[in-house]
Amino acid sequence: MKIAVLGTGGGARCHIAKLAELGHDVIVGTRDPEATLARTGPDMMQNPPYGQWLADHPGIPLATFGDAAAGAELVINGIDGHNAVRALAAIAGDLAGKTLIDYAVPYLYNPDIERPWPTPWGVNPILGVCDSDSLGEQIQRALPDTKVVKAFVTQEQATVVDPRSIGGGDHTMFVAGQDADAKQTVTDLLTSYGWTDILDLGDMVAARGMEMYAHMHGAIGFALGFGTHFGVKVVR
Ligand SMILES: NC(=O)c1ccc[n+]([C@@H]2O[C@H](COP(=O)([O-])OP(=O)(O)OC[C@H]3O[C@@H](n4cnc5c(N)ncnc54)[C@H](OP(=O)(O)O)[C@@H]3O)[C@@H](O)[C@H]2O)c1
C-alpha cells in the first residue's frame, strides 16, 4: 500500500522502518525536505538528525507534507501535537477522502512554566487540549472530508510497531473514530504489526481519554525507571 508518514521524529521513524520492512511503498513528509536533510544536531528527544537515520534506511523518499500525502492511500500523522492541526489543515485537499491515523499527543512544551514533575528532558509537558475536547477531534473538525482514526498513542512508539517485544504481545491497542471502514483499515495495519487485542473505543470523543492517558503513561514509566518498556492491557 502507498502510505505517507507525516513527520520525521522518533515515533514516525518507528512506523517508517516497520512499513518499509512490511513491503509498503512509504513516503515521508516534512516541512522542508532540504532543511530537514541539512540538520546536523539531535532533536528535542535526542534522536539523531533525520539525514543520519535515513542513511541507515536508504531509498525512503522525503517530500513536503502535502506532496507526501497527495500520492498516498493511507496517511499517518506524526506531526508535533501542538502544530498538527495547523499543518494538516494547510494540506486538507491532499488528505480529502483518505484515512488519516493520528497518534499525536497535544503536548505543550513550555520550559518557562514551572511544574513539580521533572522529566529527563526538563519539564513535564502539559496537554494543550483535554477534558472537553481532544487533538483527535480538532483534527477531524479541521478535515471534514478525511476519515481520522486515533490510535497508537497509549503504547510506546517501539512497542506499537513490535507488540510481541512486551509480554509476548499480550496487551491492548485502542482505536477511535467516526468511520467504521477507516477503523478497519487501521485494525488491519495493526494486525500486520502483530497486534491481536485491538479495542474499538467508538467515536472520536474517546480520543480525550487516549490522549489524557499520556500523563499516566509517564507516571508508570518513571515508576518503573525511565527507559523500562511496558505495555497496557485491558483485562476482561
Ligand atoms: N506511541 C505513540 O503513539 C507516540 C510515540 C511518540 C510520540 N507520540 C506523539 O506523536 C507526535 C509526534 O511525535 P514524534 O516523536 O514522532 O515527533 P515530534 O518530535 O513530536 O514531532 C516532529 C515532527 O513535527 C513537525 N513539526 C514540528 N514543529 C512544527 C511546526 N511548527 N509546523 C509543522 N510541523 C512541525 C516536524 O517537522 P519537520 O519534519 O519539518 O521537522 C516533525 O516532522 C507527538 O505529539 C508525540 O507526543 C506518540
Side-chain angles (χ1 to χ4, degrees), residues 4-19 27-54 60-69 75-91 100-109 119 121 124-130 134-136 138-139 142 149-163 165-166 171-176 186 189-190 193 195 207 210-218 220-221 229-232:
V5 179
L6 306 183
T8 56
R13 293 178 200 189
C14 290
H15 290 283
I16 298 162
K18 183 69 176 187
L19 292 167
I27 183 165
V28 178
T30 188
R31 282 169 286 187
D32 176 341
E34 257 182 55
T36 299
L37 292 176
R39 285 178 198 150
T40 54
D43 66 15
M44 185 184 66
M45 302 306 284
Q46 298 307 308
N47 295 300
Y50 186 75
Q52 192 178 319
W53 182 86
L54 190 60
I60 299 172
L62 185 67
T64 62
F65 288 137
D67 287 348
V75 184
I76 297 177
N77 172 42
I79 298 173
D80 156 63
H82 182 54
N83 295 291
V85 174
R86 198 166 6 128
L88 294 170
I91 58 163
L100 173 72
I101 310 173
D102 170 43
Y103 73 83
V105 180
Y107 273 149
L108 209 47
Y109 292 88
T119 66
W121 50 91
N124 194 50
I126 58 168
L127 295 169
V129 56
C130 64
S134 64
L135 180 60
Q138 290 182 334
I139 291 173
V149 178
K150 192 90 196 183
F152 308 161
V153 74
T154 53
Q155 297 277 4
E156 292 169 16
Q157 56 196 26
T159 312
V160 173
V161 298
D162 187 12
S165 63
I166 305 284
H171 47 159
T172 311
M173 172 59 75
F174 304 107
V175 295
V186 179
L189 180 73
L190 286 164
Y193 280 180
W195 287 94
M210 295 165 77
E211 294 170 8
M212 289 167 68
Y213 168 79
H215 285 320
M216 184 64 185
H217 183 90
I220 297 169
H229 298 294
F230 63 96
V232 286

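Since the structure is predicted, the reported quantities are computational estimates derived from the model, not experimental observations. In each ligand, atom 1 is the first atom listed, and ligand 1 is the first ligand listed.
Within the 4.0 Å heavy-atom criterion, both parts of Val105, backbone and side chain, lie near ligand 1. Using a 4.0 Å cut-off between heavy atoms, Phe65 contacts ligand 1 through its side chain alone, with no backbone atom that close. Within the 4.0 Å heavy-atom criterion, the part of Tyr107 lying near ligand 1 is the side chain and not the backbone. Counting heavy atoms under 4.0 Å from ligand 1, residue Met45 does not touch it at all.
Nearest residue to atom 36 (C) of ligand 1 from Arg86, Arg31, Glu211 is Arg31 (criterion: closest heavy atom).
Within the 3.5 Å criterion, the main-chain N or O of Val85 finds no donor-acceptor partner in the side chain of Gln138.
For the residue pair Ile101 and Ala151, the shortest heavy atom distance occurs at CG2-CB, 4.0 Å. Here the closest heavy-atom approach between residue Thr154 and residue Met210 is recorded as CG2-O, 3.8 Å.
Within the listing of ligand 1, atoms 38 (P), 40 (O), 41 (O) sit less than 4.0 angstrom from a heavy atom of Arg39. Close contacts of ligand 1 with Glu156, meaning ligand atoms under 4.0 Å from a residue heavy atom, involve 1 (N). Counting atoms of ligand 1 from 1 in the listed order, those under 4.0 Å from a heavy atom of Ala12 are 16 (O). Applying the 4.0 Å criterion to heavy atoms of Gly11 picks out, from ligand 1, the atoms 14 (P), 15 (O), 16 (O). When each atom of ligand 1 is checked for a heavy atom of Gln155 under 4.0 Å away, the hits are 1 (N), 2 (C). Taking a cut-off of under 4.0 Å to the non-hydrogen atoms of Phe152, the atoms of ligand 1 that pass are 1 (N), 2 (C), 3 (O). Atoms of ligand 1 lying under 4.0 Å from any heavy atom of Gly7, numbered from 1 in the order shown and given with element: 43 (O). Near Gln157, the atoms of ligand 1 lying under 4.0 angstrom from a non-hydrogen atom of the residue are 1 (N), 5 (C), 6 (C).
Taken to the nearest 0.5 Å, the CD atom of Glu211 stands 3.5 Å off from the NZ atom of Lys150.
The protein heavy atom nearest to atom 12 (C) of ligand 1 is Gly78 O, 3.4 Å. What sits closest to atom 24 (O) of ligand 1 on the protein, heavy atoms only, is Asp80 N, 2.9 Å. The nearest heavy-atom contact from the protein to atom 17 (O) of ligand 1 is Gly9 CA, 3.5 Å. Here the heavy atom of the protein found nearest to atom 43 (O) of ligand 1 is Thr8 N, 2.9 Å. When hydrogens are left out, the protein atom nearest atom 34 (N) of ligand 1 is Ile79 CG2, 3.5 Å; that is the closest non-hydrogen contact. For atom 4 (C) of ligand 1, the closest non-hydrogen atom of the protein is Tyr103 CD1, 3.7 Å. For atom 11 (C) of ligand 1, the closest heavy atom belonging to the protein is Ala104 CA, 3.7 Å. In terms of protein heavy-atom proximity, atom 38 (P) of ligand 1 is closest to Thr30 OG1, 3.3 Å.
The shortest side-chain heavy-atom distance between Tyr50 and Asp43 does not fall under the 4.5 Å cut-off. Side-chain contact between Tyr213 and Ile220 is present, with heavy atoms from C-beta onward closer than 4.5 Å. Contact annotation: the side chain of Tyr193 never approaches that of Thr159 to less than 4.5 Å [non-hydrogen atoms, C-beta and beyond]. Contact of the Tyr107 side chain with the His82 side chain is not registered, since no non-hydrogen atoms from C-beta on lie closer than 4.5 Å.
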What's the verdict on side chain to side chain contact (heavy atoms under 4.5 Å, CB included) for Leu127 and His215, showing C-alpha distance, side-chain angles and the deciding distance? CA-CA 9 Å; Leu127 295 169; His215 285 320; 3.9 Å; yes
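In this pair, Phe152 and His15 present their aromatic rings parallel. The plane angle is below 30°, not in the 30 to 60° band.
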